There are 2 protein chains.
Amino acid sequence: MSGLRELKKERTRRRIAAVALRLFAERGFEAVTVNEIAEAAEVAKVTLFKYFPTKEALVLHGVGEEDLAGIVAARGPGRTPLEALREHYRASAAEPVADAEALVAQLQVIFASPALSDAANNLLYGQRQALARVLANEPGEAGEPGEKGELGGPEKGRRDLVAALTAAQITASMLTVQEAYFCDLVEGVTPQEAARRLGEAVELAFDLLEHGLPNRNRREG
Amino acid sequence: MSGLRELKKERTRRRIAAVALRLFAERGFEAVTVNEIAEAAEVAKVTLFKYFPTKEALVLHGVGEEDLAGIVAARGPGRTPLEALREHYRASAAEPVADAEALVAQLQVIFASPALSDAANNLLYGQRQALARVLANEPGEAGEPGEKGELGGPEKGRRDLVAALTAAQITASMLTVQEAYFCDLVEGVTPQEAARRLGEAVELAFDLLEHGLPNRNRREG
DNA sequence: TACGTATTTGTACTCGGTTCACCTAGAGTG
DNA sequence: CACTCTAGGTGAACCGAGTACAAATACGTA
């Protein structure tokens with residue numbers, strides 16, 4: 001099980017992904033068949049599907065793989081989930097992105113294809129559910145220790161609902177913030193400027209989450 | 001273009017949907033082929049796809065067809081978007097559901113199939129985007145009239161972001177509330193009780209949206 | 001070198017969905 | 001009632017994503 005095999009595998013994987021991204025960028029996601037990709041990457045179709053389970057996965061590797069649930073579960077003592085997540089996004093907005101050019105190409109392909117956008121959206125949905133599970137197992141608000149621990153009838157249901165709503169709002173907000181960031185990049189904003197806006201957006205999003213939505217646009221007469 | 005033709009069309013449509021739902025409920029979504037459905041419904045496969053654009057649509061007709069954007073756009077004077085939506089959901093929680101049994105069957109099929117759950121999720125995503133567009137075109141917070149109307153550079157971006165975040169939080173919350181309702185139904189809660197819980201959940205969800213998430217579960221050292 | 005195993009490959013298949021040429025049945029007209 | 005016109009249904013062939021399987025190849029190791 002030594003190096004050469006692993007090396008070739010990694011190279012093949014990269015080659016397939018790169019060829020796919022290039023073809024998709026040239027002609028659009030739906031206009032390229034997996035047969036073409038396999039041929040251009042000089043592998044059998046079966047091999048391609050051993051590396052990437054679906055055609056969508058050829059583009060979506062690395063998208064939506066952040067582990068929000070893990071971040072909340074592993075937060076330091078004395079931190080709320082919201083604080084932990086704000087910190088995390090603040091940090092990742094601060095550090096420069098690895099390969100901006102490739103990222104932009106990837107995002108353009110994704111945004112240009114409804115099928116891909118849908119698939120990306122569904123990846124985020126999994127995050128939401130995982131986060132909801134973690135939040136539901138948190139000790140209750142301010143941690144009253146009187147609740148017998150086990151399932152508490154109607155109170156349990158309410159706690160779960162609050163957890164689910166919290167998770168839903170957080171993930172939806174983070175998705176929106178990331179979308180805005182991606183849009184900036186795709187529209188040609190420099191990575192530095194996009195990162196700055198991302199930082200601002202994170203703070204704004206968490207402020208809204210903590211303090212509530214503006215509820216003032218009453219319609220005049 | 002008079003009655004008989006339309007009548008038969010409607011009947012065929014219903015027959016196809018009913019047959020599909022029955023087969024899916026019996027054997028699961030993925031284990032039934034569209035050929036079987038067409039055969040059982042006594043139509044050609046082509047005809048089936050003329051009525052329903054995809055296999056998923058056989059189950060998802062009527063799901064996620066609420067027009068949140070329309071509700072917000074058509075709200076009465078002096079109402080905020082949040083108020084209008086709260087009112088809408090309050091009202092729909094109050095009125096009894098048409099055919100509870102069919103609804104439960106439909107929901108069970110959807111929840112049992114990841115592909116269907118994903119498709120349902122994507123329908124909601126469209127709602128979110130439509131709602132964001134409507135909110136972005138609202139007059140700004142408290143309607144300051146000094147902004148020149150047209151695009152306002154950085155301020156425009158911030159307004160759009162607030163609108164997108166608002167829409168994201170609202171739709172995510174409503175999705176969660178509906179999911180909880182559906183779960184109640186699927187788990188055998190009576191329609192009346194489920195409706196009562198739905199009403200409570202709506203109020204809770206909007207309270208959280210307006211006043212912010214509870215930010216108190218600090219982790220004790 | 002030679003052997004065992006992981007990986008790749010070609011072929012043929014299933015299933016969702018579409019295209020196309022043809023045909024039926026209902027609607028309108030005399 | 002007979003005649004035509006046409007919306008809509010039909011069968012058959014087709015396409016692309018994804019899978020099953022057995023044969024072939026390349027790597028790791030003795």
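Each chain gets a letter, A, B and so on, in the order its sequence line appears, and its residues count up from 1. Note that the structure is predicted; figures quoted are calculated from it, not measured. Quick note: numbers below take in every heavy atom, side chains included, and nothing from hydrogens, waters or symmetry partners.
- Residue-level contact check: A/T47 touches the bases, meaning some heavy atom is under 4.0 Å from a base atom.
- Remark: P of D/dG9 and CZ of B/R11 are 14 Å apart, rounded to the nearest angstrom.
- In this structure, the side chain of A/Q106 engages the main chain of A/V59 through a donor-acceptor pair within 3.5 Å.
- In this structure, A/T54 reaches the sugar-phosphate backbone alone: every heavy-atom distance under 4.0 Å involves primed, P, OP1 or OP2 atoms, never a base.
- Nearest nucleotide to the side chain of A/V46, out of C/dT18, D/dA20, D/dA17: D/dA20.
- Relative orientation of the B/F52 and B/H61 rings is perpendicular, given thresholds of 30° and 60° on the angle between their planes.
- With C/dG17, D/dG18, D/dG11 as the candidates, the nucleotide lying closest to the side chain of A/E56 is D/dG18.
- With rounding to whole Å, B/F52 atom CZ is found 16 Å from C/dG16 atom P.
- Atom CZ of A/R15 is separated from atom C1' of C/dT8 by 12 Å (rounded to the nearest Å).
- Across all strands, B/K50 comes closer than 4.0 Å to base atoms (heavy-atom distances).
- Between A/F49 atom CZ and D/dC21 atom P the separation is 18 Å, expressed in whole Å.
- Across the protein-nucleic acid pair, B/L7 atom CG and C/dA27 atom C1' stand 15 Å apart, rounded to whole Å.
- Exactly one residue among A/R13, A/E6, A/K8 makes a side-chain contact (heavy atoms from CB on, under 4.5 Å) with A/E10. That residue is A/R13.
- Counted within 6.0 Å of CD on B/E26, heavy atoms from surrounding residues, nucleotides or ligands total more than 12; the atom is thus considered enclosed.
- A sub-4.0 Å separation between OP1 or OP2 of D/dG9 and a side-chain N or O of B/Y51 is present.
- Rounded to an integer number of Å, the gap from NZ of A/K55 to P of D/dA17 is 4 Å.
- Backbone-only contact: A/V34 has heavy atoms under 4.0 Å from sugar-phosphate atoms and none from a base.
- Residue A/E39 contributes atom CD, which lies 11 Å from atom P of C/dG10 at whole-angstrom precision.
- Applying the side-chain contact (heavy atoms from CB on, under 4.5 Å) test between B/L23 and each of B/L58, B/V109, B/T33, B/V32 identifies B/V32 as the sole match.
- Put simply, the side chain of B/K45 and the base of C/dG17 share a donor and an acceptor less than 3.5 Å apart.
- DNA chain C is contacted by both B/E30 and B/K8; B/E30 maps to the nucleotide lying nearer its 5′ end (nearest heavy atom per residue).
- Residue A/K9 contributes atom NZ, which lies 21 Å from atom P of D/dT25 at whole-angstrom precision.
- The side chain of A/R5 lies closest to C/dA6, out of C/dA6, C/dC15, C/dG26.
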